[in-house]
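Predicted, not measured: the structure shown is a model, and the values here were computed from it. Every number for a ligand or one of its atoms is a count from 1 in the order of the listing.
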Amino acid sequence: MTSGFALHEIVLDAEGKPCDYRFIDVNPAFEAITGLARADTVGRCVRELLPNIEPHWIERYGAVALTGDGQQFDDFSSDLDRQYRVTVYRPEPQQFAVIVDDITALRRHEESLRQAATVFEQTRDGVAITDASARIIAVNRAFSKITGYSSEEVVGRNTSLLKSGHHDAAFYAAMWSQLTGKGFWEGEVCNRRKNGEHYPQWLTISAVLNERNEIERYIGVFTDISRIRNAEAHAEFIAYHDALTRLPNRSLLNIRYQHALDRARRHDHKLALLILDLDLFRNINDSLGHEFGDRLLVAITERFKSRLRDEDTLARLHGDEFAVLMEDVEVSADAAVVARDLLKALEAPFRIGSAEDIYIGASIGISISPDDGCDPALLMRNADTAVNLAKAQGRKTFCFYTESLTTLALERMRLESSLRKAIELEHLVLHYQPLIEARTGAVIGSEALVRWPDPEQGMIAPMRFIPVAEDCGLIAPLGAWVLLTACRQMKAWLDAGRPLRTIAVNVSPRQFFLQDVPELVRQTLADTGLDARFLELEITEGILIEHGERAVAILKRLRELGVRLSIDDFGTGYSSLSYLKRFPIDKLKIDRSFVRDITSDANAAEIASTIIAMARSLQLSVLAEGVETPAQLAFLERHGCEYYQGYFFCRPVAAAQFPESCPVTSP
Ligand code: C2E
Ligand code: MG
Ligand code: MG
């Protein structure tokens with residue numbers, strides 16, 4: 001745009017000072033800029049023409065006119081909201097010329113540049129301007145803050161300086177191809193700070209073209225999103241992990257399971273899913289508190305982890321349930337090995353804080369893909385079913401899932417409901433097995449053993465229904481019924497003049513959680529009129545281990561009632577001498593598995609004789625269970641066992657068949 005031009009003649013006042021300017025000529029640009037038509041201006045004075053003109057025009061420009069030096073002013077016209085650059089000079093002593101340029105657009109551009117510069121410096125986004133070959137021309141303060149590089153360190157260098165090595169060549173190739181093609185790229189990039197740290201940034205790159213439409217510069221604007229990423233990662237971690245043990249949770253296990261199934265199918269491998277249910281964990285929560293339970297779970301997790309390969313996924317499904325996903329399983333037996341290992345991992349006691357040593361077992365169910373199906377939900381259900389079978393087999397063991405297991409699970413549910421009915425209707429019966437005194441060979445008492453006569457199945461053995469009763473809580477009414485019936489029977493025998501000293505009744509560890517056993521015993525003795533000294537309660541080592549100090553208190557209350565306590569199935573738990581000393585126990589019953597092998601297995605013989613010696617040193621009575629042969633009897637006699645029980649003398653029988661004496665054939 002050409003400049004406006006106006007030529008004036010200087011008008012002097014009486015004292016010879018310039019007081020006005022008369023237009024001699026103006027050009028079309030001047031007309032356009034000022035809106036003053038040439039016809040209206042030429043020959044007229046400024047003051048006359050523009051009475052409201054900014055007064056300084058006349059003063060300032062007049063001063064210039066007097067000195068004769070050319071000068072430039074930037075002026076602002078308030079009425080027109082525009083800016084002009086006015087160059088003033090005096091071509092002739094009597095003349096005064098102005099060149100006027102409308103600099104409004106220029107000023108606005110400058111202003112926006114200034115603002116841009118401020119934004120450039122102040123923004124929290126990192127900005128880097130590069131030339132067409134990605135050499136850095138300028139960076140802002142945020143750039144330095146985020147990357148750790150000062151402006152001096154990076155200007156002149158290629159942006160590849162910032163790379164982390166995280167992305168491959170294909171990534172950059174795609175970026176450059178879009179940049180050159182579309183002039184724009186946006187995405188997440190992992191870069192490296194000066195201190196070496198990698199961080200994610202959200203980067204927007206725009207290409208700046210020159211007049212010839214060639215790329216001249218790139219402007220990269222980026223945000224450090226590591227904090228967002230960290231928060232996201234945290235949220236994601238929480239969503240897929242168990243907060244307590246930090247193990248994958250069920251959701252993550254399912255995802256991994258799905259992937260593993262796909263892989264296994266492709267590579268023709270087997271996959272094993274193990275579900276682990278901690279035995280009687282709720283007892284620990286009940287008796288020692290949830291906080292303790294939590295710490296125990298963490299400790300258990302550590303042990304499991306130490307037994308597993310890195311490629312196995314250990315997950316916590318909920319509460320006391322864990323799962324292990326094993327890939328690349330060749331034969332099902334591989335899973336059994338791992339299951340056994342995990343059970344072994346639990347063998348040593350847990351020491352949490354200053355609390356008692358805790359012993360805990362697990363029941364493990366295993367399902368194998370593709371043998372047991374290829375659908376994750378189904379395999380999960382199958383493994384669950386197998387867990388229940390493991391529990392039914394007496395816990396601390398593992399079981400595989402097979403078709404028949406499902407049937408078993410259904411059977412078990414039926415068993416539970418008919419057991420409930422049998423207890424209510426008092427359809428259960430007690431059999432009694434004589435207890436023999438070694439010294440005299442006399443029947444000195446009996447152990448009450450519960451049976452469930454079923455019209456179709458005949459006598460159902462306690463090993464089949466006691467665990468069910470324990471699991472569903474029926475053990476409380478069942479135990480109360482057994483205690484009452486046994487005490488009543490003993491009282492009847494005593495009243496009939498039988499020379500018996502002991503009626504032994506089994507108490508399940510679970511009963512101690514469900515009912516106040518000492519109170520139950522007190523009440524039952526009162527109701528039946530049986531003297532407490534005749535009653536012996538058989539407990540298992542499980543209660544001592546699981547209840548610790550609480551067990552001591554309960555057992556003491558029982559002893560105060562005058563009843564005796566024996567440890568049943570002794571030798572199968574984690575019995576230790578020091579452990580036993582702390583409990584008020586009267587008798588040990590050597591488990592029949594040792595007695596069975598006494599004559600064939602040196603180990604069993606060693607254990608049995610040790611238990612007898614140990615019982616003696618602790619001043620405990622000792623009874624051998626399951627004596628079946630004269631050879632076993634001879635061994636036990638030799639080692640000084642005090643009492644016997646077993647088929648050799650008499651099987652458990654109904655009260656009416658209970659013998660006065662048993663044949664004792666001492667070799
Ligand atoms: P237990 O208390 O150790 O009972 C001894 C078991 O060994 C009984 O099995 C008995 O029949 C069996 N037995 C006795 N002598 C011999 C022998 O010479 N050879 C062999 N092979 N076995 C022998 P049973 O009656 O099947 O009871 C199994 C278990 O069920 C009992 O083991 C006990 O733990 C539990 N139980 C039985 N009745 C009750 C009860 O009323 N309450 C509770 N809580 N548990 C009970
Ligand atoms: Mg018993
Ligand atoms: Mg026993």
With a cut-off of under 6.0 Å to the ring centre and 45° to the axis, is Arg303 in cation-pi contact with Phe350? yes
Salt-bridged, Lys396 to Asp279, with N to O below 4.0 Å? no
Of all heavy-atom pairs linking Phe649 and Leu633, the shortest is CZ-CD1, 3.7 Å
Around the Mg ion (ligand 3), how many protein N, O or S atoms are found at less than 2.8 Å? 4
Flag yes if more than 12 heavy atoms outside Arg351 fall under 6.0 Å of its CZ atom; otherwise flag no. no
Do Arg307 and Phe304 form a cation-pi contact, if we require the NZ or CZ to be under 6.0 Å from the six-membered ring centre and within 45 degrees of the ring's axis? no
Table of N or O contacts for ligand 1, cutoff 3.5 Å:
from	atom 1	to	atom 2	distance (Å)
ligand 1	2 (O)	Glu447	OE2	2.9
ligand 1	2 (O)	Asn506	OD1	2.9
ligand 1	2 (O)	Asp568	OD2	2.7
ligand 1	3 (O)	Asp568	OD1	3.4
ligand 1	3 (O)	Asp569	OD1	3.0
ligand 1	3 (O)	Glu625	OE2	3.0
ligand 1	7 (O)	Arg592	NH1	2.6
ligand 1	15 (N)	Gln433	NE2	2.9
ligand 1	18 (O)	Tyr647	N	2.7
ligand 1	19 (N)	Glu628	OE2	2.5
ligand 1	21 (N)	Glu628	OE2	3.1
ligand 1	22 (N)	Arg592	NE	3.4
ligand 1	22 (N)	Tyr647	OH	3.4
ligand 1	25 (O)	Arg451	NH1	2.9
ligand 1	25 (O)	Arg451	NH2	2.6
ligand 1	38 (N)	Val450	N	3.1

Evaluate the criterion side chain to side chain donor-acceptor pair (under 3.5 Å) for residue pair Glu437 and Thr440; output intermediate values, then yes/no. CA-CA 6 Å; Glu437 186 177 41; Thr440 59; 2.7 Å; yes
Crowding at CD, Glu291 (>12 non-hydrogen neighbours, <6.0 Å): no
Side chain to side chain contact (heavy atoms under 4.5 Å, CB included) test vs Phe322 passes for just one of Ile275, Asp242, Leu253, Thr301, namely Thr301
Taking Glu538 as the fixed residue, which of Arg564, Lys587, Lys589 is the one that meets the side chain to side chain contact (heavy atoms under 4.5 Å, CB included) rule? Lys589
With respect to the Mg ion (ligand 2), what is the nearest N, O or S atom of Glu447? OE2
Between Tyr432 and Trp493, does the ring centroid distance fall short of 6.0 Å? yes
